[in-house]
Novice: 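Here it is, the structure, as structure tokens.
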Amino acid sequence: MYSGIKKTLSLLFVAFAICLLLPPLGLAATAINGEPFDTNATSSDEFCWDSTTFGGLYYSVNKHKDLVASENWFGEHLQYIETDGQYELGKSNPVNHVIGEDELVYSTRPFPNKYKVVSELGLNANTTPSELGGMVYYKLPWFGKPYVTVENDATQLASIVIDQAGSDKKILKAGDVWDFGKGYSLTVNQVDVEGNKVWFSLSKDGEELESGIINADGTVESQTFTAKADCGDGSDQLYFVTYVDSVFVSATDSFAVFKYTWLIDKDNILIIKEGDEYQGFEVKEASEDELVLKNTDSITLNLDKDVKNYFTDSWYFQTSDEGKGSTSPNGYVIHPVKELSTPGSYTLRGMPFDTNATSSDEFCWDPSTFGGLYYSINKNKNLVASENWFGEHLQYIETDGQYELGKSNPGNHVIGEDELVYSTRPFPNKYKVVSELGLDANTTPSELGGMVYYKLPWFGKPYVTVENDATQLASIVIDQSGSDKKILKAGDVWDFGKGYSLTVNQVDVEGNKVWFSLSKDGEELESGIINADGTVESQTFTAKADCGDGSDQLYFITYVDSVFVSATDSFAVFKYTWLIDKGNILIIKEGDEYQGFEVKEASEDELVLKNIDSITLNLDKDVKNYFTDSWYFQTSDEGKGSTSPNGYVICPVTDVVIEAEDASESAENSTENLNVTSESKGSDVSSDYRASSAEIADEDNSSQPEEAAEETSKLPGFGIISGILGVIICVALWKKS
């Protein structure tokens, strides 16, 4: 009996051990990055991010000039402030990677917003209904999320349940229920078309809070309904506004049209006091006009591009590897990142420019300033270089002397033909087997043909150049990260995607060998027997093929790290796997057209494209001015620039969707691109994870929904913890038996 228990426990122990070796599931998530700073080139007082340079912070395009003001700014700031004279961050000591206690400062200030009923109907102080108590309320961003201040006090915050967009309308008939979320709902009790009236009730959790009969007679006062309540430490706080635009009748029913609806959660007020702690910060100042928090513990940065240095629940610092800054062998690049682990749609925005303040030759975005472009933090110094740069650039170049964009003519909103220029250049990347094993020219297996291959970003997605030629591009099927490993036993099939798979035919532990096959669509392409004997040459498998116009192009690499045996099976461990889609090569020639651009230059070293048609920008913050299938320009409303009554703010934007199923996928097939899907008006275009702003949330935008789920924990998942506990229990029972 005891021997049976021992055998069972032995199997369980091995199974748990294998589970602990496997890559954790459900941890892959997309992220929004802030502007990167190079510690070799940045003074300690320049490590500061506002809502235009870090997407974790709340941004409103129509409030741009005040959000970025050097004085009397509002919104959020995240800043490093040196306090003790030790380990100063920046170019005085580029190697320092310690942020001391109280040196990371988060500040937020409230700012005014007009109620939609006021802004959309063009009301003024005389025509605004008195029940509103004024034309504006005050918002306060709190760790990236907008709240409403109770009685204009920044220390009392109410979350926004709904803020109906100005162009939205809700059409309801008698008996319909409009669910706002958080338990709130509006029920239409009766619609009287002859009397031009509607009777409705506002409820929470099924209990009526307010009831009103509104007359849609054409006067703002009678068509607007408001409700007030005691909230927090305040009394008679306005918490609900709606506007009945009209009533009408169909063949069978009578309907009412609701607009400009606004609701805050009056029953859940966040009170903030000095000394309170939030997500690793302590409140140092708490007044009606500002909240200032500082980090409670020092932050020691791990200088590894694959490590997330968390300083809140969902914000972390990402750094390059040590020595990847511009000059110092110890310098590095750093930026804050917001992790997005909740499925949904997100808007990734480029750096906004003010046409009142920007010269025509300054409208240029690189991978560090526009999230639609592919970014690699270890390549930062070359991606942002002023000369001999590589990667992607999107730039406005004036050609005809008419309607110049920028401060010479801030009201111009026409980008002429050939004036929007997209350029992309290839850049070298070491194969993972080379970089992770620290190989050099002498120790790199000759089958690789060198230490590096060349990537070329193409509308935000990285490709591999065939024979180092930018005009021939192969998509990346898998680029296994350096820390990942894939453990397979005989008979297992590793699906790479795009029809490619690797099948383990046999594992010979005694001979320290593994026999496997690479296939596409069920047809074998390659087969190999690899000896895991400890020499790079014998442990590395490569495959070449004719691709595009090239011959003997390397298209597959894998490395057998080891083989081992459990109680029942033999396993092989694969690492550094890299595969390109050799059967689908994109050939690019001059004159070709892609997503509204024409290829003007196509060489081995660079591709240059220009817009085919002129782009007339609609100066409306709610309009998407598409110039590719998935990229568009967002502008503020006219006159929302810094000075000119005709100036405006403009930035390129791309929308991405995090699919619900992505949360359960492992990162084993990860590349430097994270798992996002472009949300486009036409065909899909993959987007790099690099972004410079979060979801655009303007005071005049549509409703501000709560996130569908909490951010995932940064601790190991319960499955891993259960595995560890299981191993401990097994050991205990083993000893007992």
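No experiment lies behind these values; they were computed from the predicted model shown.
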Novice: Are the side chain of Ser203 and the backbone of Gly206 linked by a donor-acceptor contact shorter than 3.5 Å?
Specialist: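 Judged by distance alone, no pair lies under 3.5 Å.
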Novice: May I have the step-by-step check of side-chain contact (heavy atoms from CB on, under 4.5 Å) for Phe200 and Thr187, ending in yes or no?
Specialist: CA-CA 5 Å; Phe200 60 87; Thr187 302; over 6 Å; no
Novice: Hey, is CG on Asn124 packed in by over 12 heavy atoms from elsewhere, all under 6.0 Å?
Specialist: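 Check passes, neighbour count above 12.
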Novice: Between Tyr239 and Glu210, is the side chain to side chain donor-acceptor pair (under 3.5 Å) condition met? List the steps.
Specialist: CA-CA 11 Å; Tyr239 77 92; Glu210 310 285 346; 3.0 Å; yes
Novice: Run the side-chain contact (heavy atoms from CB on, under 4.5 Å) check on Thr128 and Lys114 step by step: do they pass?
Specialist: CA-CA 11 Å; Thr128 296; Lys114 286 183 179 179; over 6 Å; no
Novice: Less than 6.0 Å separating the ring centroids of Tyr106 and Tyr278?
Specialist: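 Ring centres of Tyr278 and Tyr106 not closer than 6.0 Å.
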Novice: To the nearest 0.5 Å, what is the distance between CG on Asp66 and CH2 on Trp73?
Specialist: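 Asp66 CG to Trp73 CH2: 12.0 Å, rounded to 0.5 Å.
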Novice: Of Tyr80, Phe54, Phe47, Phe317, which meets ring-ring contact (aromatic ring centres under 6.0 Å, His included) against Phe37?
Specialist: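 With Phe37 as partner, ring-ring contact (aromatic ring centres under 6.0 Å, His included) holds for just one option, Phe47.
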Novice: For Asn625 and Thr635, what are the C-alpha separation, side-chain angles and deciding distance, and is it a side chain to side chain donor-acceptor pair (under 3.5 Å)?
Specialist: CA-CA 9 Å; Asn625 300 280; Thr635 75; 4.8 Å; no
Novice: For Lys284, is the NZ atom crowded, meaning more than 12 foreign heavy atoms sit under 6.0 Å from it?
Specialist: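 Yes, because the 6.0 Å sphere around NZ of Lys284 holds more than 12 heavy atoms from other groups.
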Novice: Ring-plane angle category for Tyr137 and Trp262, please: parallel below 30°, perpendicular beyond 60°, tilted otherwise.
Specialist: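 Tilted.
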Novice: So, for Ile415 and Glu419, which heavy atoms are closest and what is the spacing to 0.1 Å?
Specialist: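 Where Ile415 meets Glu419 most closely, the heavy atoms are C-OE1, 3.8 Å.
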Novice: Check Ser211 against Glu208 and note the closest heavy-atom contact, atom names and distance.
Specialist: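 Closest approach of Ser211 to Glu208, heavy atoms only: CB-OE2, 3.5 Å.
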Novice: Apply the test side-chain contact (heavy atoms from CB on, under 4.5 Å) to residues Leu157 and Ile272: give CA-CA distance (whole Å), side-chain angles for both, the deciding distance (0.1 Å), then the verdict.
Specialist: CA-CA 8 Å; Leu157 304 179; Ile272 300 171; 3.7 Å; yes
Novice: If you count the non-hydrogen atoms of other residues, nucleotides and ligands that lie under 6.0 Å from NZ in Lys197, is the total more than 12?
Specialist: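 12 or below, so no.
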Novice: Indicate the atoms forming the closest heavy-atom contact of Val193 with Ser254, along with that distance.
Specialist: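 So the minimum-distance heavy-atom pair works out to CG2-OG, 3.3 Å.
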Novice: Which pair of non-hydrogen atoms, one from Ala256 and one from Val198, has the smallest distance, and what is that distance?
Specialist: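 Closest heavy-atom pair between Ala256 and Val198: CB-CG2, 3.8 Å.
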Novice: Checking the side chain of Glu35 only, and the main-chain atoms of His335 only, is there a donor and an acceptor separated by less than 3.5 Å?
Specialist: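 Answer holds: no.
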Novice: Are the side chain of Gln223 and the backbone N or O of Asp245 linked by a donor-acceptor pair below 3.5 Å?
Specialist: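 Such a contact is found between Gln223 side chain and Asp245 backbone.
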Novice: Can you check side-chain contact (heavy atoms from CB on, under 4.5 Å) on Thr53 and Met351, steps first, answer last?
Specialist: CA-CA 7 Å; Thr53 56; Met351 177 72 72; 3.8 Å; yes
Novice: Is the backbone of Thr261 close enough, under 3.5 Å, to the side chain of Gln164 for a donor and an acceptor to pair up by distance?
Specialist: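 Yes, the answer is positive, given that a donor and an acceptor are paired below the 3.5 Å cut-off.
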Novice: Using modelled atom types only, decide if a donor and an acceptor are shared between the side chain of Asn268 and the backbone of Ser159 within a distance under 3.5 Å.
Specialist: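 Here the side-chain-to-backbone pair does not exist.
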Novice: Do Ile81 and Lys294 have side-chain heavy atoms sitting under 4.5 Å apart?
Specialist: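 Not in contact.
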Novice: How many angstroms lie between CG in Leu405 and CG in Leu420, if you round to the nearest 0.5 Å?
Specialist: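 Going from CG on Leu405 over to CG on Leu420, the span is 10.0 Å.
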Novice: So for atom CD, which belongs to Glu207, do other residues, nucleotides or ligands contribute more than 12 heavy atoms lying within a distance under 6.0 Å?
Specialist: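 Atom CD in Glu207 is not crowded, with 12 or fewer foreign heavy atoms closer than 6.0 Å.
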Novice: Supply the atom-to-atom distance Glu638 CD to Asp620 CG, rounded to the nearest 0.5 angstrom.
Specialist: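 Rounded to the nearest 0.5 Å, the CD-CG separation comes out at 11.0 Å.
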Novice: Can a side-chain donor-acceptor contact be found between Thr108 and Trp142 if the only test is distance below 3.5 angstrom?
Specialist: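 Looking only at side-chain atoms, Thr108 and Trp142 do not form any donor-acceptor pair under 3.5 Å.
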Novice: State whether the side chain of Tyr648 and the backbone N or O of Asn412 hold a donor-acceptor pair below 3.5 Å, judged by distance alone.
Specialist: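 Side chain of Tyr648 to backbone of Asn412: a pair is present.
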Novice: Applying side chain to side chain donor-acceptor pair (under 3.5 Å), run through Asn196 and Asp217 and close with a yes or a no.
Specialist: CA-CA 7 Å; Asn196 213 25; Asp217 61 1; over 6 Å; no
Novice: Can you tell if the side chain of Thr355 reaches within under 4.5 Å of the side chain of Ser644, non-hydrogen atoms only?
Specialist: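 No. Closest side-chain heavy atoms not under 4.5 Å.
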Novice: Quick one: are Phe225 and Val244 in side-chain contact, heavy atoms under 4.5 Å?
Specialist: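 With C-beta onward as the side chain, the pair stays apart.
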Novice: So how far is it from His413 NE2 to Ile615 CD1, rounded to the nearest 0.5 Å?
Specialist: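 So the gap between those two atoms works out to 13.5 Å.
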Novice: Is the shortest side-chain N to carboxylate O distance from Asp637 to Lys640 below 4.0 Å?
Specialist: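 Looking at Asp637 and Lys640, the cut-off is not met.
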Novice: Go through the side-chain N and O atoms of Asp354 and Asn356 and say whether any donor and acceptor fall under 3.5 Å apart.
Specialist: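 Yes, because at least one side-chain N or O of Asp354 sits under 3.5 Å from a partner of the opposite role on Asn356.
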Novice: Can you check whether Asn409's main-chain N or O pairs, donor with acceptor, with Glu404's side chain at less than 3.5 Å?
Specialist: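 Pair absent, no side-chain N/O of Glu404 close to backbone of Asn409.
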Novice: With ring centroids as reference points, do Phe240 and Tyr184 lie under 6.0 angstrom apart?
Specialist: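 Between Phe240 and Tyr184, the centre distance exceeds or equals 6.0 Å.
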Novice: In terms of relative ring orientation, are Trp315 and Phe143 parallel, tilted or perpendicular, with 30° and 60° separating the classes?
Specialist: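 Answer is tilted, since the angle falls between 30° and 60°.
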Novice: Pick out which of Thr224, Asp163, Leu121, Leu238 makes a side-chain contact (heavy atoms from CB on, under 4.5 Å) with Tyr115.
Specialist: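 Result: among Thr224, Asp163, Leu121, Leu238, Leu238 is the only option passing the side-chain contact (heavy atoms from CB on, under 4.5 Å) with Tyr115.
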Novice: Assess the side chains of Ser287 and Asp289: does a donor N or O sit below 3.5 Å from an acceptor N or O?
Specialist: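 Absent: no donor and acceptor within the cut-off.
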Novice: Once rounded to the nearest 0.5 Å, what's the spacing between atom CZ of Arg109 and atom CG of Leu140?
Specialist: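 Going from CZ on Arg109 over to CG on Leu140, the span is 11.5 Å.
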Novice: For Asp253 and Ser250, indicate whether the former's side chain and the latter's backbone hold a donor-acceptor pair under 3.5 Å.
Specialist: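 No; zero donor-acceptor contacts below 3.5 Å.
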Novice: More than 12 heavy atoms of other residues, nucleotides or ligands under 6.0 Å from CZ of Phe281: yes or no?
Specialist: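 Buried by this count: over 12 neighbours within 6.0 Å.
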Novice: Flag the pair Cys231 / Lys266 as yes when at least one side-chain heavy-atom distance between them is below 4.5 Å, and no otherwise.
Specialist: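 Side-chain contact under 4.5 Å: yes.
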Novice: Can you tell if the side chain of Pro141 reaches within under 4.5 Å of the side chain of Phe74, non-hydrogen atoms only?
Specialist: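 Not in contact.
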Novice: Can you name the one residue among Ile650, Val649, Val61 that meets side-chain contact (heavy atoms from CB on, under 4.5 Å) with Pro352?
Specialist: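 Answer after filtering Ile650, Val649, Val61: Val649.
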Novice: Within a strict 4.5 Å, meaning less than it, do heavy atoms of the Tyr58 and Lys139 side chains meet?
Specialist: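 They are in contact (side-chain heavy atoms under 4.5 Å apart), so the answer is yes.
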Novice: Within the structure provided, determine whether Trp365 and Phe353 are in side-chain contact (heavy-atom separation under 4.5 Å).
Specialist: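 A side-chain contact under 4.5 Å exists here.
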Novice: Using a 4.5 Å cut-off on heavy atoms from C-beta on, say whether the side chain of Ser107 contacts that of Gln79.
Specialist: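 They are not in side-chain contact.
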Novice: So Tyr59 and His64, would you call those rings parallel, tilted or perpendicular, with 30° and 60° as cut-offs?
Specialist: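 Perpendicular.
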Novice: Supply the atom-to-atom distance Leu186 CG to Trp178 CH2, rounded to the nearest 0.5 angstrom.
Specialist: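 The CG atom of Leu186 sits 7.0 Å away from the CH2 atom of Trp178.
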Novice: What are the two closest non-hydrogen atoms of Gly275 and Glu282, and how far apart are they?
Specialist: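 Closest pair (atom of Gly275, atom of Glu282, distance): CA-OE2, 3.8 Å.
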Novice: Would a distance-only check, ignoring hydrogens and angles, find a side-chain to backbone donor-acceptor pair under 3.5 Å from Asp236 to Lys228?
Specialist: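 Judged by distance alone, no pair lies under 3.5 Å.
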Novice: Okay, side chain of Gln595, backbone of Asp629: is any donor-acceptor separation there less than 3.5 Å?
Specialist: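 Yes, because the side chain of Gln595 sits within donor-acceptor range (under 3.5 Å) of the backbone of Asp629.
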